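Here the structure comes first, spelled out in structure tokens, and everything after it is commentary.
Indexing begins at 1, ligand by ligand and atom by atom, following the structure's order. We're numbering straight along the sequence, starting at 1. Because the structure is predicted, anything quoted here is derived from the model rather than measured. Atoms considered below: every heavy atom in the structure, side chains included; atoms not considered: hydrogens, waters and symmetry mates.
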Amino acid sequence: MIEILASFPGLGKKSSRRIVFHLLEKGPQTAFKLAESLKTLHEKTYFCLSCGSISDRDECHICKDPSRDKTVICVVENFIDQIILESTNFYNGLYHVLGGALSPLDGIGPEKLSIGKLLERVGSGDVREVIIATNPSPEGNTTALYLADLMSDFRVTVTRLGRGIPVGGDIDLLDLETIRLSLEGRIQIKKQVD
Ligand SMILES: [Zn+2]
């Protein structure tokens, strides 16, 4: 169990050992509870058919919410980045979860990301702005330019998160105020074509 936990993001051998000993100390009840929730994790979790986010039904609560601005889509690499942007309480549009960023060295090409679905959504008419909120890493930047290029013929403005985001940084490591400012000060990377 220590080995399995140690392979998870953010957990090393030391913290994995602490979790296992904690479970042993707590007695069987806690371990059973954890086992039960792990068993149903995949059964009770869906990916939103529209945005690709994690949901407890076919369509997530954000896509379903009539008060959200359906003319703006914010593209993120993963679910955690979406939660972080959402927790700024500043953004009221929709999201699109790509499932990663382009990284040829790791074998991640466009076919591994949810790009077709994004183009389908953007091309469907209502969308006027796409905010690309991939990480400011080389992979995230390449992905942003690639997407902007793909959307060059669409009638949308494409923007990128602006000031305050350090080069090479990770969205999930930034404070909420920085993210809010970068959303507010987003930079246009493609104009809307008529
Ligand atoms: Zn959704």
Heavy atoms of Leu11 and Leu5 approach each other most closely as CB-O, 3.5 Å

Any donor-acceptor N or O pair under 3.5 Å, side chains Asn89, Arg180 = no

Answer with yes or no whether the side chains of Ser55 and His61 bring together a donor and an acceptor at under 3.5 Å.
-> no

Charged N to carboxylate O below 4.0 Å: is that the case for Lys33 and Glu36?
-> no

Gln188 versus Thr159, side-chain donor and acceptor atoms under 3.5 Å = no

Side-chain ion pair, Arg68 and Glu86, N-O less than 4.0 Å | yes

So the protein N/O/S atoms within less than 2.8 Å of the Zn ion (ligand 1) come down to Cys48 SG, Cys51 SG, Cys60 SG, Cys63 SG

